[in-house]
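What follows is a set of notes on a single structure, which appears directly below.
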Number of protein chains: 2
Amino acid sequence: MLSKKTKYGIKALTYLAKKEQRDPIPIAEISKSENISLKFLESILLTLRKNELLGSKKGKGGGYYLLKEPSEIQMTVVMRILEGPISMVPCVSLNFYKKCADCPDETKCAVHNLMTELRDSSLEIFRNTTLADLCNC
Amino acid sequence: MLSKKTKYGIKALTYLAKKEQRDPIPIAEISKSENISLKFLESILLTLRKNELLGSKKGKGGGYYLLKEPSEIQMTVVMRILEGPISMVPCVSLNFYKKCADCPDETKCAVHNLMTELRDSSLEIFRNTTLADLCNC
DNA sequence: TAATACCCTACTATATTAATAGGATATACA
DNA sequence: TGTATATCCTATTAATATAGTAGGGTATTA
């Protein structure tokens, strides 16, 4: 299951991407428009900022804004920040690899091989989809 | 993340599929061979039996056995029984559909559309993979 | 200096996962 | 018929993750 964190994060990014200007947008505006709990959204945008997808400005007239063009933000990056590994098992993950304790030989593991195939197809979709693509919905 | 339940379930099914005969195999044998907690595996095989993938025989000489040929068991079926929906969000699920409370229009939702694409590619892999394919690892 | 809006830490309720425990029931075989 | 074998079934639990909530701190603008 996709976490609400990721779901809300993507919605917020899309909201920002759809704006013509790149002026700071307050959290409250996104929260209202997308029906997301303000405090929860606050923490999500904070992680996106710490991972250099968003910039922020404090005080009156402040808010969050995209640091790159929507067409330059791949969904692989967004997913890894918000959801973690693309792969469904650590032994298949490229960025979060961890060996299985119970499995003596990965190359002969049915789960490993099935999940490798799945990861590859997911990765292709996330790589070929940018925030700009998601704005055309 | 793939649950251990699903992981162990697939491993157990593959173990049974690899056997030449379709004689009943005791849980303990699978448990030892695949390094899976006996009691946990017990509950997993029980659900697979209740969902008509496995048959069982009690008493001495008893155990579990496949009810169909491995080549006739699609991974879509296995995944839905063990893991639940293929889709990462309920609003995209074919078999477990549920509308999002926060989302006024699915067709315009970035998450919905991205996850639909993802589901389709996952579905294609799971449909085109049978237990027999997983035995060739 | 007052209002705005992000920044940060800590806490909590709920649900899920991954088992574990313990016994009931059915079967084979001597 | 008795005993060992092996599934069947319910209930409980420890650990973890999720989805928030609470409360105040800090920077900026007008």
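Letters A, B, ... are given to chains in the order of the sequence lines, protein chains preceding strands, and every chain is numbered from 1. Just so you know, these numbers use all the heavy atoms, side chains as well, and skip hydrogens, waters and symmetry mates. Bear in mind that the values here come from a model prediction, so they are computed numbers and not experimental data.
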Q: Please state whether the phosphate of D/dT21, meaning OP1 or OP2, lies under 4.0 angstrom from any side-chain nitrogen or oxygen of A/Ser37.
A: yes

(Q) For A/Thr107, is there any backbone N or O sitting under 3.5 Å from a side-chain donor or acceptor partner on A/Asn113? (A) yes

Q: For each nucleotide in nucleotides 4-15 of chain D, reading 5' to 3', give B when a protein heavy atom comes within less than 4.0 Å of its base, S when such contact involves only the sugar-phosphate, and - otherwise.
A: -BSBBB------

Q) Is the backbone N or O of B/Ile125 less than 3.5 Å from a side-chain atom of B/Thr129, with the two atoms forming a donor-acceptor pair by type? A) yes

Q. Which residue pairs pass the ring pair (Phe, Tyr, Trp, His ring centres under 6.0 Å) test with at least one member in residues 112-137 of chain A, sequence neighbours excluded?
A. none

**Q.** A/Ile44 CD1 - C/dC8 P separation (whole Å)
**A.** 16 Å

Atom pairs, N/O to N/O, protein against nucleotides 17-19 of chain D, distance under 3.5 Å?
from: D/dA19; atom 1: OP1; to: A/Lys4; atom 2: N; distance (Å): 3.2
from: D/dA19; atom 1: OP2; to: A/Lys4; atom 2: N; distance (Å): 3.0

Q: Quick one: closest heavy-atom pair of A/Met88 and A/Leu118, and the distance?
A: SD-CD2, 3.6 Å

Do any side-chain atoms of residues 69-80 of chain A form donor-acceptor pairs under 3.5 angstrom with protein atoms, and if so which ones, sequence neighbours left out?
from: A/Gln74; atom 1: OE1; to: A/Thr76; atom 2: OG1; distance (Å): 3.1
from: A/Gln74; atom 1: NE2; to: A/Arg127; atom 2: O; distance (Å): 3.4

Q.
Quick one: does any side-chain atom of A/Asp120 pair with a main-chain N or O of A/Glu117 as donor and acceptor, under 3.5 Å?
A. no

Q | B/Leu67: hydrophobic cluster co-members (side-chain, 4.5 Å) | A | B/Tyr65

Q) For A/Tyr8, what residues pass the ring pair (Phe, Tyr, Trp, His ring centres under 6.0 Å) criterion, not counting sequence neighbours? A) A/Phe40

